[in-house]
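Just so it is clear, the values below take in all heavy atoms, side chains as well, and ignore hydrogens, waters and symmetry mates. Residue numbering restarts at 1 for every chain, and letters A, B, ... go by the order of the sequence lines.
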Amino acid sequence: MDSIEFDAIIRHPRTIIHIDVDCFYAQVEMLRHPELQSKPLGVQQKNIVVTSNYLAREYGIKKCMSVEEALQLCPELALVNGEDLTHYRHYSAKILKILHRFTPLVERLGFDDNFLDVTSIVQKYMNSGNDSELNISINMEDEHPVGKVFGPSEEECPCGCHSRLIIASKIAAEIREQIYKDLHITCSAGIGHNKLLAKLVGLLHKPNQQTLIFPCSAAMLLSTIESVSKIPGVGQKTTQLLMSNNIKTVDDLRKTPLEALEKKIGIDLARKLKDNAEGIDETVVKPTGKRQSIGLEDGFKSVSLIAEVESRLGALLRRLTELAMEDGRIPVAMRLTVRKHDFNKSASGKRETRQCALPKHLLPSSKSGIYDHAKMLALAMKLFHRTVDVSKPFHLTLLGVAFTKFEERSSGKNSITSFLRKQVAVQSVLDISSEEGVSDINLGSPMSVNQDSNDGSAMSTTSSPISKPIGTNNQTVDDDVLNEIEPLPKKTRLEVWLSGRRESPSNEMADLRLSPSSPMQLSPKIDAAVLKSLPIDIQREVTRSWPTTSKPKSNNILKYFIANK
DNA sequence: CCGGGGTATT
DNA sequence: AATACCC
Ligand SMILES: Nc1ccn([C@H]2C[C@H](O)[C@@H](COP(=O)(O)OP(=O)(O)OP(=O)(O)O)O2)c(=O)n1
């Protein structure tokens, strides 16, 4: 191959747009409270201002600043509580839908940070001047990019990315416009040939702006960010490690040989950082699928009473089951999170978690699509007793509960979906000789079987009642599943694979977990045995909190269908 | 009580 | 189950 051909080889085949909503929570709150639009506004979670609008930022208010500090900087700061993320989650979903009008290749970080691989969209515009599936019009005549450009742009890269990126800037503008027209939300965007550059360059001009970077300016952009901690993926720990080795800036990173770096931070991270320092990032846009966990947390000064734990967990569970119903899938595992007060030290207190299988999907699929909150709470309390020794005083500062595994909901043949989910989406591989490499497309069937770790032999202390009545031993025959929660059984890869391709996915695996003496009837009523095992005040709590569990009427079911739209 | 969420890796 | 990272 001669040199002319060599120059023509595509080196920057992909085109990536990064979209970040401007001061997301604050914008949502301004929409909800229009009278706050023209005032400095902070969104408060407990004692911190998690974000603020741009008016407030003029006072020097930063993300995650303490309320005290923020009010010192701006005494007239308006504050709205943002501890309940419902509205943000709602807007987040709407924004994602708009992004999906352009491409399914959207990867999200959090609620408002999005990467789009628009390579194929751009390609269609280059080939035919439009995209038949995308009825937006883009002015192909104008050869200038929309928005700002970082660095010089005189010299065009021979790979052709120059025009691709310019087209992408017009797509980004269209995306932002649609989001604004539909939702009155403003975003900022970065356009580049990889995720790293798109994200970093977008930070340069905010809010409600967009910035493009051509590959020839990549190294320059990385030089300007200085601190290594600004590189996505370099958090507190890595920063400390690097700094203790006198590596503070991107330039330090460049000067450090890979061999030296890898001894300090491991080969994987070392290679990534050496690449990133040059503006190289081969990671693909991995379309974000369904969430792998749905959880809620509540932090507080101190909780030391079991009854209060119970009522807080009850409140969390009630909200959590609503979220699970919106999701549509069926949770099969529950996780409890606890943070204990660390009073010997200023340290923040570590979290402890306990997880268990959800008995036979305590859930809706049975005719009454309604969660049995009493059993949910009893299960959560079981987990609680597994993490906190209540025979001694305790002092909690946080409780959280989450669903962590899901099954697709019944109906059709969902078998194919879980199998497909494992497959890497094919994207952006236009030329195998690209500088930034080709992603492995791993289609290997996951037949390899996990070495089965020994089954929960260490779990023998499970028969303590919910709240132990004094003088009672545990001899009572507990045939309820709640009395035998065991750690989540591990599925082998083979099992995952098999259950994923089963035509009618059944609960065989779950069935195996249940003891023979515990027929899992999905009674819509509170299990009397369970209820009786509870202390009287808790019994009252349970029945007061969820009156519907005592006698579900078809009306109750209806409202869930309506809520679900 | 640095919020209240998430993900991936070990 | 914990850790590290992200928003
Ligand atoms: N440590 C953090 C960081 C962010 N957020 C929330 C609040 C933000 O509104 C939202 C988005 O985070 P961003 O980092 O994108 O920040 P903003 O969108 O608020 O501001 P900017 O305009 O600088 O992007 O996520 C959070 O809860 N905790």
Which residues pass the ring-ring contact (aromatic ring centres under 6.0 Å, His included) test with Y54(A), not counting sequence neighbours? none
Counting any heavy atom closer than 4.0 Å, what does E352(A) reach on the DNA or RNA strands: base, sugar-phosphate only, or nothing? sugar-phosphate
List in chain and number order the residues that pass ring-ring contact (aromatic ring centres under 6.0 Å, His included) with F406(A), two or more places apart in sequence or in another chain; answer none if no residue qualifies. none
In whole Å, what is the span from the CG atom of L109(A) to the C1' atom of dC6(C)? 6 Å
Quick one: salt bridge (charged side-chain N to carboxylate O under 4.0 Å, His left out) pairs with a partner in residues 194-203 of chain A, sequence neighbours left out? E107(A)-K195(A), D113(A)-K199(A)
May I ask you to check whether E297(A) and T337(A) show a side-chain donor-acceptor distance below 3.5 Å? no
Counting the atoms with a prime plus P, OP1 and OP2 as sugar-phosphate, which does R108(A) contact under 4.0 Å by heavy atoms, base, sugar-phosphate, or nothing? nothing
Could you give the distance separating dA4(C) and dC1(B) at their P atoms, to the nearest angstrom? 22 Å
side-chain hydrogen bond (donor to acceptor under 3.5 Å, both in side chains): pairs with one or both residues in residues 264-275 of chain A, sequence neighbours excluded: K272(A)-N276(A)
Is the distance from OP1 or OP2 of dC7(C) to the nearest side-chain N or O of K199(A) less than 4.0 Å? yes
Could I get the full list of ring-ring contact (aromatic ring centres under 6.0 Å, His included) partners for Y25(A), not counting sequence neighbours? Y88(A)
Tell me which residues in residues 225-250 of chain A lie within less than 4.0 Å of DNA chain C, going by non-hydrogen atoms. I231(A), P232(A), G233(A), V234(A), G235(A), Q236(A), K237(A), T238(A)
Reading nucleotides 3-10 of chain B 5' to 3', which nucleotides get B (base under 4.0 Å from a protein heavy atom), which S (sugar-phosphate only), which -? BBSSSS--
To the nearest angstrom, the CD-C1' distance between Q355(A) and dT3(C) comes to 15 Å
Going by the salt bridge (charged side-chain N to carboxylate O under 4.0 Å, His left out) test, which pairs reach into residues 71-83 of chain A, not counting sequence neighbours? K46(A)-E83(A)
Test of understanding: with side-chain hydrogen bond (donor to acceptor under 3.5 Å, both in side chains), list the residues that count as partners of N53(A), not counting sequence neighbours. none
By side-chain hydrogen bond (donor to acceptor under 3.5 Å, both in side chains) - contacts of R354(A) (at least two apart): none
Could you check whether any side-chain N or O of N194(A) sits under 3.5 Å from a backbone N or O of G279(A), counting only pairs where one atom can act as donor and the other as acceptor? yes
Going by number, which of residues 183-191 of chain A have a non-hydrogen atom under 4.0 Å from DNA chain B? none
Of all residues at least two apart in sequence or in a different chain, which pass the ring-ring contact (aromatic ring centres under 6.0 Å, His included) check with F111(A)? none
